[in-house]
Every structure is written in C-alpha cells, then in structure tokens.
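Worksheet for the structure shown next.
Chain identifiers are assigned alphabetically (A, B, ...) following the order of the sequence lines, protein sequences preceding nucleic acid strands; residue numbering begins at 1 within each chain. All values below were derived from every heavy atom in this structure, side-chain atoms included, with hydrogens, water molecules and symmetry-related copies excluded.
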Amino acid sequence: MTVKLRNVIPIFSSKQPLQTPKTVSPTYSNHPIIWKLKKCSAPQDLQSIHASMIKTNSHQHPFFMNQFLTTCCRLHEIDYAFLTFTDVADPNVFVYNAMLGGLVGHSQPIRALRLYVDMSRSHVLPTGYTFSYLIKACMQIPALGLGEAVHGKIWRFGFSSQLIIQTGMVDFYSSLDKIEESKRVFDEMSERDVVSSTVMLLGYARAGDMDSARRLFEEMPQRSTVSWNTMIGGYARARDVESAASLFDEMPNKDLVSWTTMISCYSQNKHFKEAVETFGGMKAAGVSPDEVTMATVISACAHLGALELGRELHQYALLNGFDLDVYMGSALIDMYAKSGSIERALVVFYKLAEKNLFCWNSVIEGLAIHGHGKEALDMFHRMKKAGRIFPNRVTFVSVLSACAHAGFVEEGRRMFASMIRDYSISPEMEHYGCMVDLLGRAGLLQEALDLVRSMVMEPNAVIWGALLSGCKIYGNLEIAEAAVEKLMVLEPNNSAHYMLLVNMYAEANRWGEVAIVRGMMKGRGVQKRGPGCSWIEMDGVVHEFAASEMFHPSSNEICLLLFGLDGQLKLAGYSLELDFNSLL
DNA sequence: GTAGGGTTAG
C-alpha cells in the first residue's frame, strides 16, 4: 500500500490567518445531554442520546458533538462515532480533533490521516492538538515515514514551540528507536512538565537505557504515578525484576496500572508464582483488576497449570461484565488447553466476537498438544478461509507439531513448503525440529538427516535429539551414532543422550559398545541432569513432581498405578519405551 | 483532548 504524501499532508494556503480557536463557552457543561454523555457507560444508550440531540438540533453543535464523539470513542463505538460525525454539516476543529483522537486511539491511522485531509479541504485550521494526533497516527504507520513531514508542517504553522508538540516529537522519535533525536528535542525544550519528562523516561525505557532513565527520574521536580509506572515497566522490559520490585515497593500511590505492570513484570520474566501472589496483594490493597490485569494473571495461571484459579478469574470476569477481548480470550484458551480442558478452550474460542492471530494460534496449539492433529489442521484451514489473518512462525510451529504427533507426513511436508513459498517465513530452529520429529517418527531417517544437513543455521541439541529419538524407535544405529556425536559436543553433560545410545546398543546385543559408552560417561564425569519437573493443580492444591524423586506424599500409590498402566498397555499390545526402574 | 500496564511460542 502506498499513500502519496501530497494527498495526506496537503499544503495550506499561507494566506489564511493563523488563529487559535476560542474555547467553547462553559455554560453548556450543565446541560442534561452533556451530563448524560459524561455518565454514559452503556454503548446501547448512545443511539437514544443521539436521537434526543437530533430533536434539539444539538447534533450540529460543536460542543455537543465533541462530547458525543468522545463518549462514543470511550465506549469503543468508533464506527458509530464516525457515522454521526459525517452527519455534522459544518464541523469545527474541536469536532475534528475529537474524531481524530478516537481514530488514533483505536489504531486507525489511515482513517485519521484521511480525516485530516478532509479537514484541510474544508479549510478548518488545525490546532496543536490536531498535530499531536497526526504525529500519533504517523507513529502507528512508521513505514510511511510521514513523521518528518508532519514535523516540518508543524514548524511552518508555528506550533513547534508548543509543549504538547515537542512532547509528541520526543515520543515519535523514540517510537522509531531514534533515541538521540528524542534527546535533542527534549534538551531543546524551554519548559518541561511531568508529561514531557515522563515521555522522555519512556524513550529511555524503550531504548533499554535504564541508567539514563533513572538519572532523569531522580532529577524530576515532580513525578506522577505514570512516571513511576513507566520506570517499573522499563525495568520489566530490561529484565531487571529486582529494580522493578524495589521501585514498586517504594512508590507511594499504586494504582491499577502500577499493580498490573508489576504483575506483568513477574509474568514476562517467568516468575509466575510471584505474579499470582502480587495479584493477591492487589486484591488485598482494594484495587480492582480490569481486562488487562486479567489477561496477564490468566496467562501466569496457564504457565503454572493453576486451573482452579484460572477458572475463578474467568468467573470473576463474567460476573463483572468484562469484555472478552482478544487478549483475555487468548490467555483463557491457552490456560484451559494447558490445564487439560480443550473443551473449555474451544467454548471460549467460539464465544470470541473478534479473533486475532493470537486467538487462532492459541486454539491451534491447544488442539495440537491434545493430540487432535486433524482438528488442529482443520482450524488452520478455517483461519485461512476467514481471511485477513495470516499465519506467522508461531502458527506453523503448532501446525507442524500437530502433523508430527498425528503422523501426517505428506501434510507436514506440504505445510513446510507452503510456509516458505506462500508466506515467506524462513524456517527457524523450531520448525526444523518439528519436521525432523515428523520424519523421524515416520521412520524416514535418511530424509530427516538430509533436512538437518540442509539447515542454514547450526542445528541445536533439540534437532539432533529429535533425530536420535527417531533412530531409537526404528533401531537405526548408524544415524544414531552421527546424532550422538553431535550431541556430545552440544550437550556433553546430558546423560540422556549417552543412555539412549547405550540402550540401543544393548537392544542390538552389542555389549562391547555398551561398555565403551559407559566408560566414556565415567571418564567425562557425566552426571545425571537435575530433575525435570512438572506441576498439576487439583482441588486448589498445586502438586509438584520431579523426575526420580519420591517426595510427593502419594508417591507409592502413583508408582503402583503407573506399573499397573504399564502392564495394561503391554497387554493391549503397546511396547512402552520408558524404563520405570530408571525413574525410581 | 498529550505520558504508563495485556495474549500465543516442540
């Protein structure tokens, strides 16, 4: 898509006098319609309010329309706002600004830029706010490179010294990773307020320069809650959980965003337990969560396998009339799928009014991990049919792993080829891993090895490990030896690879080699790795299991059950690869 | 009406 600069940023006639619009008389602020709009929290009420505005002809009045549009946008009724906006015969700059703000706030930069074109064609003069929205729109489509042009335009209009414009430019440059430009504009500012300094903080945080951010933060004469939150968020991004936590403890008035930022900081840095605990602290502090908090905490539950808490949160969201948006939707789908309930995950998925790539990826991944390979692929095709949403690398990892687990060799090959050809996604380590797994499980070990050797990047231990498991199933010692040779370099201390080879030699009655490999392990001092562990929650209690340990109070019963299962599986004709004795 | 927090990853 190309947008001609000339069409987007038209040149104003310089003959027009530049004037700042006068503020609308405040006498209307007590008008019942304005009052109703300010209080309005239900989108379905908008239509009747608009009807009463038409009756009194106030739907043409700039002050009323400004309030009406702002209300629509606050309630996410952006299309309805636009519809009523087009009905206004002669909108002034306040009305345009409200509409622009709504469009930019709902990430519709192209519509915003078009509206700006209309505005200039109607000879409505922009204000500083108009340009600040324009800068935001440009930030949302950096590829067009319009920011500089807008900057030039602002300068010509004499707004360049306005605080709000300079603030916008600091933000604009830092959003494009041009931190030096941000600093230049910031240093040139003759006056600074809390907001401009906080935007600069955000710039440093985006650039990962938390030392400079801290210096500015310490120097700031006033700090708002937003300044604190920006700092905490910056440390979260920089993976400095400790600094984030200590700043959070220190901060005086924690609001909803502060708590959510801290929870997300823990979650993003894999401290899921702390994330859930902090959520508890938030509730104890009497701060109510919103959709953003919920999405974050539910995601932490998914990682912990805390189904019970996750379900409670879902319940809470339903009771409080929260919007089931794409963020919370994806988190819920993932949480239910990972905690064993693909049915509930699907219920959430079908309930979603709007689905983005995250939602589709979560449900495809969920089906894949539940072994529903065919359903996962069906879902993938439905996503393609729905249009507008294009698969990414994450999608293909799920799709390929679904093929691997269901044994769809031909389909997997096709998907892999299509990913490269139709979607220009270059295969990454994970994709190769799935393909090697797929081919290996199907016994196509030579093809798998050829694929590994064709890789542009150096294959990692996961790849060789997948190949080795394939060799183990089909007793292909030749390729297994090649894989183990690589694995010994990549993970020299992982006993599993040596043991796999030992078992294979033993199965082939090659006891000489068994002794050699065992000797190698001893000689290299290969230790058994730390235990892998897993959690599962039942009736609100999280049970932790680690390989080769018997700490769980019901270990004996569990092992008895497993042995029983082992026997039943053997009876059913399934030869189990696992040796339980090695686990105990 | 300018600043801060969100989801998927064998």
Side-chain angles (χ1 to χ4, degrees), chain A residues 66-67 69-70 73-74 93-94 96-102 104-105 127-133 135-136 162-168 170-171 174 193-203 205 224-234 236-237 255-265 267-268 289-300 302 325-335 337-338 356-366 368-369 392-398 400-402 404-405 428-438 462-463 465-466:
Chain A
N66 181 302
Q67 190 68 52
L69 294 176
T70 313
C73 297
R74 175 167 58 81
V93 67
F94 283 96
Y96 271 110
N97 282 357
M99 196 62 238
L100 273 174
V104 172
T127 65
Y129 277 105
T130 315
F131 282 122
S132 80
Y133 289 133
I135 292 170
K136 273 207 148 182
Q162 278 191 7
L163 190 58
I164 183 168
I165 294 300
Q166 288 174 321
T167 306
V170 172
D171 195 25
S174 88
D193 62 355
V194 198
V195 176
S196 52
S197 301
T198 306
V199 171
M200 194 62 235
L201 281 183
L202 177 63
S224 66
T225 309
V226 180
S227 324
W228 286 86
N229 293 347
T230 306
M231 287 300 291
I232 296 167
R237 210 186 305 214
D255 69 357
L256 166 66
V257 177
S258 324
W259 285 99
T260 310
T261 307
M262 198 57 229
I263 294 170
S264 128
C265 169
S267 193
Q268 279 168 6
D290 68 355
E291 281 92 342
V292 182
T293 324
M294 295 304 255
T296 315
V297 186
I298 290 168
S299 149
D325 62 12
V326 289
Y327 294 103
M328 225 172 75
S330 310
L332 279 170
I333 293 167
D334 182 52
M335 187 269 296
K338 283 216 179 76
N356 71 0
L357 184 58
F358 280 81
C359 309
W360 286 99
N361 282 355
S362 298
V363 80
I364 294 171
E365 156 82 4
I369 58 176
N392 67 356
R393 44 181 297 266
V394 179
T395 322
F396 278 104
V397 171
S398 301
L400 292 175
S401 88
H405 288 281
E428 286 163 48
M429 204 64 88
E430 286 92 340
H431 303 112
Y432 282 114
C434 293
M435 284 310 286
V436 172
D437 191 26
L438 172 75
V462 178
I463 305 279

Taken to the nearest 0.5 Å, the spacing of A/M200 CE from A/D171 CG works out to 10.5 Å

>> Classify A/D325 by what it touches in the nucleic acid, base, sugar-phosphate, or nothing, heavy-atom distance under 4.0 Å.
In response: base

Check: Looking across every strand, which nucleic acid part, if any, lies under 4.0 Å from A/S196 by heavy atom: base, sugar-phosphate, or nothing?
Finding: nothing

Here the distance between atom P of B/dA9 and atom CD1 of A/I333, to the nearest Å, is 12 Å

What nucleic acid atoms does A/T296 come within less than 4.0 Å of, heavy atoms only: base, sugar-phosphate, or nothing? sugar-phosphate

When rounded to whole Å, the CG to P distance for the pair A/D334 and B/dA9 reads 5 Å

Is A/S227 close enough to B/dA3 that one of its side-chain N or O atoms is under 4.0 Å from OP1 or OP2 there? no

note: A/K338, atom NZ; B/dG10, atom C1'; distance rounded to Å ~ 12 Å

Residues A/G234 and A/A205: closest non-hydrogen pair is CA-CB, 3.7 Å

Report the C-alpha distance between A/I298 and A/M328 in whole Å, list the side-chain angles of each, state the deciding distance to 0.1 Å, and finish with yes or no for side chain to side chain contact (heavy atoms under 4.5 Å, CB included). CA-CA 8 Å; A/I298 290 168; A/M328 225 172 75; 4.1 Å; yes

Of the listed B/dT8, B/dG1, B/dA3, the closest approach to the A/L202 side chain comes from B/dA3

Of B/dG5, B/dG1, B/dA3, the nucleotide closest to the side chain of A/T198 is B/dA3

Between the NZ atom in A/K338 and the OG atom in A/S299, the distance rounded to the nearest 0.5 Å is 8.0 Å

A/Y133 OH to B/dG1 P, in whole Å, measures 7 Å

- Query: Base, sugar-phosphate alone, or nothing: which one does A/I164 contact when heavy atoms must sit under 4.0 Å apart?
  - Reply: base

Practice prompt. For A/D437, report the nucleic acid contact type (base, sugar-phosphate, nothing); a contact means any heavy atom under 4.0 Å.
Written response: nothing

Which of B/dA9, B/dT7, B/dG10 is nearest the side chain of A/N356? It is B/dT7

Whole-Å distance, A/R393 CZ to B/dG10 C1', equals 12 Å

Taking B/dG1, B/dG10, B/dG5 as options, the one with an atom nearest any side-chain atom of A/T261 is B/dG5

Regarding the side chain of A/V226, the nearest nucleotide among B/dA3, B/dG5, B/dG1 is B/dA3

Under 4.0 Å between any heavy atoms, over every strand shown, what does A/T260 touch: base, sugar-phosphate, or nothing? Just pick one.
base

Report task. For A/N66, report the nucleic acid contact type (base, sugar-phosphate, nothing); a contact means any heavy atom under 4.0 Å. Result -> nothing

Considering only heavy side-chain atoms of A/S362, the closest of B/dT7, B/dA3, B/dT8 is B/dT8

Is there a side-chain polar atom (N or O) of A/Q268 under 4.0 Å from OP1 or OP2 of B/dG5? no

From CD1 of A/I232 across to P of B/dG6 the rounded distance in Å is 13 Å

_Sugar-phosphate only, base, or nothing, as touched by A/V199 at under 4.0 Å among non-hydrogen atoms_ = sugar-phosphate

Taken to the nearest whole Å, CD1/A/I165 to P/B/dG1 is 17 Å

Exercise. What does A/V397 touch in the nucleic acid at a heavy-atom separation under 4.0 angstrom: a base, only the sugar-phosphate, or nothing?
Worked result: sugar-phosphate

Shortest non-hydrogen pair, A/A98 vs A/L69, comes out as CB-CB, 4.1 Å

Of the candidates B/dA3, B/dG5, B/dT7, the side chain of A/T293 sits closest to B/dG5

*asked:* Looking at A/C359, is its backbone amide N or carbonyl O close enough to the side chain of A/N356 to form a donor-acceptor pair, meaning the two atoms are under 3.5 Å apart?
replied: yes

inquiry  = Under 4.0 Å, counting only non-hydrogen atoms across every strand here, what does A/L256 touch: a base, just sugar-phosphate, or nothing?
reply    = base

Between CD of A/Q166 and P of B/dT2 the distance, given in whole Å, is 18 Å

**Asked** So, A/T127 versus A/N97: side-chain donor-acceptor pair below 3.5 Å or not?
**Response** yes

Describe the nucleic acid contact of A/S197 in one word from base, sugar-phosphate, nothing, applying a heavy-atom distance below 4.0 Å.
nothing

Flag as yes if A/F358 stacks onto the base of B/dT8 (centroids under 5.5 Å, planes under 30°), otherwise no. no

With the side chain defined as heavy atoms from C-beta on, A/E291 is closest, among B/dG6, B/dG5, B/dG1, to B/dG6

- Task: Examine B/dG6: is either OP1 or OP2 under 4.0 Å from a nitrogen or oxygen in the side chain of A/S264? Give yes or no.
- Result: yes

